[in-house]
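Report on one structure; see the data block that follows.
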2 protein chains.
Amino acid sequence: MRLVIAQCSVDYAGRLAAHLPSARRLLIVKADGSVLVHSDGGSYKPLNWMSPPCTLKEEGQGGDALVWTVTNKAGEQLVIAIEEVFHDSAHELGVDPGLRKDGVESHLQALLAEQIETLGKGWRLIRREYPTPIGPVDILCRDAAGATVAVEIKRRGEIDGVEQLTRYLELLNRDPLLAPVRGVFAAQEIKPQARVLAVDRGITCAVLDYEVMRGRDDPSSRLF
Amino acid sequence: MRLVIAQCSVDYAGRLAAHLPSARRLLIVKADGSVLVHSDGGSYKPLNWMSPPCTLKEEGQGGDALVWTVTNKAGEQLVIAIEEVFHDSAHELGVDPGLRKDGVESHLQALLAEQIETLGKGWRLIRREYPTPIGPVDILCRDAAGATVAVEIKRRGEIDGVEQLTRYLELLNRDPLLAPVRGVFAAQEIKPQARVLAVDRGITCAVLDYEVMRGRDDPSSRLF
DNA sequence: CCGTAAATGTCGTCG
DNA sequence: CGACGACGTTTACGG
């Protein structure tokens, strides 16, 4: 990894065109050739960048002036005109062992499938990821009376999720072996507008308590 | 901006829990206190990070060992345990003038409004960003026969966009001065599932060629 | 400040 | 390799 602090201007020509006027910035060149241009604020997103795989060509322009041209397979180009370099260092980092995550939707889905009676006493799981032509339904199950229920799970329940569940319900209800199928929209948090839309469509809302569900979980299935 | 190359392990506890085993990594501390943890590969996204506003607390553990604790307003924490430091430098960068973009959806919308006959001979623009209670319709126009048409524009046409247009159409069709209103889903690229859904709902799909439209553009309206 | 829509989204997963 | 959905999405924009 190479770190450069430099006064530079940047142009990107690819999926769109973008331009950065001259200023002092951090340039990062990673081992895979990718380049990031960071300012001293904003957030984790660089001002500009080129994703790997790509190649960096460095050309002198006389004096301190340099031009870096970064090109990827698709022909997208990032051109960095360097006026002055204030810092330039290289470092060996090696391969990163990578990130372990816990608490995402897939885990919520696994927990709810295990503990389907969270939604109602006597409920039984049919299957997770029940396939339909427009994609899998998170959970398909039967309530105590034997009626089919489709469950859509989100970490944060917003309008999109209600739309998604609505599409599944429309499709599932065309299947005479399953119909009538009703819907449950389950999330750790449900936005007011999503709840209004769900209720308007006859969909039940269920707020899930991740910590409680995790507490009831079989510990062998935990990540760490 | 401070740049540190260090052997470190990282834990994040916030919206989810995440852990990074010990490895050599780049740590960036920006002027606003935000922290990025980068490996020597991947892409522009850090392995882990804390967005501003946040505060960094640095504590010695004896020897080279250090612990950085980064906390934000919501109580989310990023804990970086540093075993060994290989590089540590600070740099003044100043405020960045920011990025200028060209070729995003707003530009596509402007071009299509200018060249509305791309969608059909004799079509006339009513207006861009036609307001409705649930948000503005990208373009409202009339076809050669004088029938109202609502156009939703995307760079990449996916299911979300069809849903969005469907909501607009439902609303617009309640207005007796406009009804019947039909829909056109216009994008540089339309995904198969989005096309299926659109056609099923009687929405016409139109694939836009940005380069061709740009060639026909009035150059005075360009950003640069 | 909240809600919605866009993004050079990026990233995983599954066909 | 493409399609699809999640994301600590982040970010910009409007009310």
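We name chains A, B, ... by the order of the sequence lines, and we start the count at 1 in each one.
Atom CG in A:L99 sits about 13 Å away from atom C1' in C:dG12, given to the nearest Å. Between the C1' atom of D:dA6 and the NZ atom of A:K154 lies a distance of 7 Å, rounded to the nearest Å. A:L20 places its CG atom 13 Å from the C1' atom of C:dT8, with the value rounded to the nearest Å.
Side-chain atoms of A:D40 come within 3.5 Å of backbone atoms of B:M1 as a donor-acceptor pair (strictly under, hydrogens ignored).
Between A:E158 and B:Y44, the residue anchored closer to the 5' end of DNA chain C is A:E158, taking for each the nucleotide with the nearest heavy atom. Position along DNA chain C of the nearest nucleotide to A:P192 versus A:M50 favours A:P192 as the more 5'-ward residue.
Applying the 4.0 Å criterion to OP1 and OP2 of C:dA5, one finds that B:R156 has every side-chain N and O outside that range. For the OP1/OP2 pair of C:dA5 and a distance below 4.0 Å, the side-chain nitrogens and oxygens of B:R167 include at least one atom meeting the criterion. The phosphate of D:dA6 has neither OP1 nor OP2 within less than 4.0 Å of any side-chain N or O from A:Q109. Side-chain nitrogen and oxygen atoms of B:K101 include none within less than 4.0 Å of the OP1 or OP2 phosphate oxygen of C:dA6. B:S43 has a side-chain polar atom (N or O) that falls below the 4.0 Å cut-off from OP1 or OP2 of C:dC11.
Among the atoms of the strands shown, only primed sugar atoms or phosphate atoms (P, OP1, OP2) are found under 4.0 Å from some heavy atom of B:E152. Residue A:I159 is classed as a sugar-phosphate contact, given heavy-atom separations below 4.0 Å to backbone atoms only. When heavy atoms are screened at a 4.0 angstrom cut-off, B:E76 is found touching base atoms of the nucleic acid.
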Taking distance alone, no hydrogens or angles, what donor-acceptor pairs closer than 3.5 Å link side-chain atoms of residues 47-57 of chain B to residues at least two apart or in another chain?
| unit_1 | atom_1 | unit_2 | atom_2 | d |
| --- | --- | --- | --- | --- |
| B:W49 | NE1 | B:S51 | OG | 3.4 |

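Residue pairs meeting the salt bridge (charged side-chain N to carboxylate O under 4.0 Å, His left out) criterion with at least one partner in residues 125-134 of chain B, sequence neighbours excluded, do not occur; the list is empty. Note on residues 159-169 of chain A: pairs passing salt bridge (charged side-chain N to carboxylate O under 4.0 Å, His left out), not counting sequence neighbours, are A:E163-A:R201, A:E163-B:R167, A:R167-B:E163.
A side chain to side chain donor-acceptor pair (under 3.5 Å) with A:D96 is found for one member of B:R25, B:H38, B:R24 and no other, namely B:R25.
Comparing D:dT10 with C:dG12, their P atoms sit 16 Å apart, to the nearest whole Å. Between the P atoms of D:dG8 and C:dA5, the separation comes to 22 Å (whole Å). Comparing the C1' positions of C:dA7 and D:dA6 gives an interatomic distance of 15 Å, to the nearest angstrom.
Residues forming a salt bridge (charged side-chain N to carboxylate O under 4.0 Å, His left out) with B:E158 (at least two apart in sequence, or on another chain): B:R156. Under the rule for a salt bridge (charged side-chain N to carboxylate O under 4.0 Å, His left out), the partners of A:R2 that lie at least two apart in sequence or sit in another chain are A:E58, A:D88.
With pairs defined as Watson-Crick or G-U wobble and both atom distances under 3.5 Å, the stems of at least three pairs that touch DNA chain D come out as C:1-7 with D:9-15, C:9-15 with D:1-7.
You'll find that the side chain of B:K45 is closest to D:dG8, out of C:dT8, D:dG8, C:dA5.
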